[in-house]
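Below is one structure; the comments refer to it alone.
For clarity, every value in this text was computed on a predicted model and none was experimentally measured. Throughout, a chain's letter reflects where its sequence line sits, starting with A, and its residues are numbered from 1.
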Amino acid sequence: MFLLVRRLPDGDVELTTWSRPGPEHLPAVVASEVVRDADLVEAVRRRESGPEGASGPRWVWDDTPRWYPRLLEAGVRVARCVDLRLCHALLRAAVSTGGSELHGAPAGPWDVPQGADGPRDGLFDVLPESLPDPGAEFLRQRAAIEASPERARLELLTTAESTGALIAVEMRHRGVPWSADVHDHLLAQALGPRPPVGERPARMREDVDEVRGLLDAPDLNPDSPAELVRALNSAGVFVTSTSKWELQRHEHPVVEPLLRYKKRQRLLVANGWAWLDAWVRDGRFRPDYVPAGSVTGRWATSGGGALQLPRAVRAAVVADPGWKLVVADASQLEPRILTGLSGDRAMAAAGEGDLYEGIVASGAVATRAEAKVAMLGAMYGATQGESGRLVPRLARRFPQAMALVEEAARTGEQGGVVRTLLGRTSPSPADAARGDLPPEMPRAEVGRDARSWGRFTRNFVVQGTAAEWALCWMGALRQSLHRRWGERGDDAPHLTFFLHDEVVVHAPADAADEVAVLVVEAAAAAGRMLFGDAPVRFPLTVAVVDDYSQAK
DNA sequence: CACTGATGCGCG
DNA sequence: AAAGCGCGCATCAGTG
């Protein structure tokens, strides 16, 4: 059963119940009611906690972050939803919805990004009206799914995407347990004690003095690349940029302190005291996740940089007293996704254990490091250097896997679109030319940047399907955690962090070992959801730890 | 002054 | 100054 919520212009909320759709018929409204905004939470709670054993409704709403935070704050968890905005983007672009009204529709209000870039409710007393006519949008989406030859896959994709939206809001709501003390201590260790605003920390001042002395440039601003290049050239260090990679190639005594300074500066500006003040409150870091924020369907973040959390500060992620962190990392996820996509039996055999060791055992390359570089090169489209040299050796042993990425690259080079296993479709070069894509995407006037666009589509199928696997993994885990401990409420183990191919569960110590088992089972379940019984494994590295830096 | 693009580096 | 994909963020430097 679907239950659609919609905010009316007067601020009240309309709830409409829809019949279950099927291959032959679209859902239809069977009941409708209007509640005051103040009564919404109770209305949802009542329906969500239905009769024992019955699955709750599937809530249908325009945009999960508009509705769900308030519910969570009131202690109401929602089991399932349809995030119309996210599903709209998927279905509109998907090749497998061809012929539907939604397919290729002109951009409209449903295509406006929400989140930090779009309308927000946080600053206003009155919540904004819903996106226009969510009921009609829901019907368009159901029609597109039901008529698709890939109906089952789109159903799984839209469900997984919507569950991801719930998880993103739930993780922000719970927050990542964060020790400001540990973080401060760690910064003091690396940079010196916290300085007054506007001043450099002591250790960095020493670095700057040293660099200025060695370059004989007493007024040098080390943060200005242009100034720095000039000063380096004057001192006989002939560089054209100030990147670490180029600096490392020079012998001059200034290189070491300069790189040390840059490393510290990076830590200070990205995750220093200012970050701590801005993002950590009451022992919790609450990142703003943006599900499907990248073209491939991976999540992004807006503010806080949670997906770039440097290893250097992970020790500040500390489980609450009496709790543990269960950290699980999918080993060699993307090559395994490629294995499943291509059905390459030789690669499946190599992936029985450590995939890279398996590639070495196959005789394709000599060392694990070579196997890794070659594999990445194959998925990214490397043509030069060590990686480019090694790729052909993989192609001989794993022809099916290589053929799949080669085919994706050729399609892109010719201006075509590719899709993930579940049907997320890549933007066309025309989309990119129209400018509604991130500017750093290669501008593919086909021909000129065709190769570059081919590398994008080559990687899209693998990275995008890996993102789908990760959504299924998290979705399955969320469900099993809730089934096992749901009645414990806030004391139940819960997802607290997600990083593309890695999840962290915050769990009471007595539950941690059992959580570790459920995480592994969820990975296997995700594999079956995508690849059925195909011979591809998704092993994890799981660690039960007190702080995040202790994992791996 | 605000905005934009380039640079550099953190993550997967 | 990366080769070889996808991101976010701070800062600088140039422009309007």
Side-chain angles (χ1 to χ4, degrees), chain A residues 115-117 221-229 238-250 258-259 261-272 274-275 278-279 287-314 329-335 337-338 372-391 405 408-409 412 418 426-427 437-442 451-467 470 497-503 548 552:
Chain A
D117 292 339
N221 172 9
D223 299 326
S224 164
E227 258 186 65
L228 196 50
V229 168
F238 299 109
V239 293
T240 57
S241 82
T242 66
S243 73
K244 184 163 60 178
W245 188 89
E246 189 171 0
L247 286 167
Q248 272 168 349
R249 308 177 64 216
H250 293 265
L258 180 54
L259 291 179
Y261 170 80
K262 285 166 73 94
K263 197 178 178 76
R264 287 172 169 161
Q265 168 72 357
R266 172 75 199 177
L267 177 61
L268 175 70
V269 301
N271 296 95
W275 181 92
W279 289 100
D288 213 342
Y289 294 105
V290 185
S294 88
V295 264
T296 59
R298 273 188 172 185
W299 287 15
T301 56
S302 122
L307 302 183
Q308 296 100 245
L309 207 65
R311 294 186 171 276
V313 302
R314 292 188 183 183
D329 181 309
S331 311
Q332 305 113 24
L333 177 59
E334 293 193 352
I337 291 293
L338 176 55
K372 186 172 181 173
V373 165
M375 201 62 236
L376 290 175
M379 293 185 301
Y380 293 167
T383 56
Q384 295 180 23
E386 190 195 11
S387 187
R389 262 192 308 104
L390 291 170
V391 169
V405 286
V418 297
S426 68
L437 252 45
E440 65 278 6
M441 299 282 298
R451 303 267 310 179
S452 163
W453 194 261
R455 288 194 299 273
F456 164 61
T457 53
R458 169 194 294 267
N459 187 247
F460 182 96
V461 295
V462 177
Q463 187 183 119
T465 305
F497 194 54
F498 169 59
L499 205 56
H500 306 311
D501 61 359
E502 183 174 342
V503 300
Y548 194 13
K552 120 187 199 184

Pick base, sugar-phosphate or nothing for [X], based on heavy-atom distances below 4.0 Å to the nucleic acid.
X	answer
A:A270	nothing
A:R311	sugar-phosphate
A:G293	nothing
A:A226	sugar-phosphate
A:G388	nothing
A:R314	sugar-phosphate
A:Q384	sugar-phosphate
A:S387	base
A:L376	nothing

Within the structure, does a side-chain N or O atom of [X] lie under 4.0 Å from either OP1 or OP2 of [N]?
X	N	result
A:R455	C:dC5	yes
A:R451	C:dC5	no
A:K263	B:dC9	no
A:S224	C:dA13	yes
A:K244	C:dA1	no
A:T383	C:dG4	yes

With a 4.5 Å cut-off on side-chain heavy atoms, are [Y] and [X] touching?
X	Y	result
A:L228	A:L258	yes
A:L307	A:R298	no
A:W453	A:S426	no

For [X] and [N], give me the distance from atom [atom1] to atom [atom2], rounded to whole Å.
X	N	atom1	atom2	answer
A:Y261	B:dG8	OH	P	15 Å
A:E334	B:dC11	CD	P	17 Å
A:E227	B:dT7	CD	C1'	15 Å
A:R266	C:dT11	CZ	P	10 Å
A:N221	B:dG8	CG	P	14 Å
A:L307	C:dC9	CG	C1'	12 Å
A:D501	C:dC7	CG	C1'	14 Å
A:Y289	C:dG8	OH	P	14 Å

#### Entry: P spacing across the pair C:dA1 / B:dG8, given as an integer number of angstrom
6 Å
### Query
What integer number of Å spans the C1' atoms of C:dG4 and B:dG5?
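So the two C1' atoms sit 23 Å from each other.
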Among [options], which is the nearest nucleotide to the side chain of [X]?
X	options	answer
A:Q308	B:dG12, C:dG4, B:dG10	B:dG10
A:S294	B:dC9, C:dC12, C:dG6	C:dG6
A:R298	C:dC7, C:dG4, C:dG6	C:dG6
A:F456	B:dG12, C:dG6, C:dC12	C:dG6
A:V269	C:dT11, B:dG10, B:dG8	C:dT11
A:R249	C:dA1, B:dC11, C:dG4	C:dA1
A:V295	C:dG8, C:dG6, C:dG4	C:dG6

Are the side chain of [X] and the backbone of [Y] linked by a donor-acceptor contact shorter than 3.5 Å?
X	Y	answer
A:S302	A:D288	no
A:E334	A:A466	no
A:W275	A:V269	no

### Task
Return the orientation label for the A:Y548 and A:F497 ring planes: parallel under 30°, perpendicular over 60°, tilted otherwise.
perpendicular
#### Entry: Partner nucleotide of B:dA2 by Watson-Crick or wobble geometry (both distances under 3.5 Å)
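Paired with C:dT15.
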### Message
Go nucleotide by nucleotide along DNA chain C from the 5' end; which of A:W245 and A:G305 gets its closest nucleotide reached first?
### Response
A:W245
### Query
Between A:E246 and A:G377, which is nearer to the 5' end of DNA chain C once each is assigned its nearest nucleotide?
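The residue whose closest nucleotide sits nearer the 5' end is A:E246.
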### Partners passing side chain to side chain contact (heavy atoms under 4.5 Å, CB included) against A:R389 (at least two apart in sequence or in another chain)
A:E386
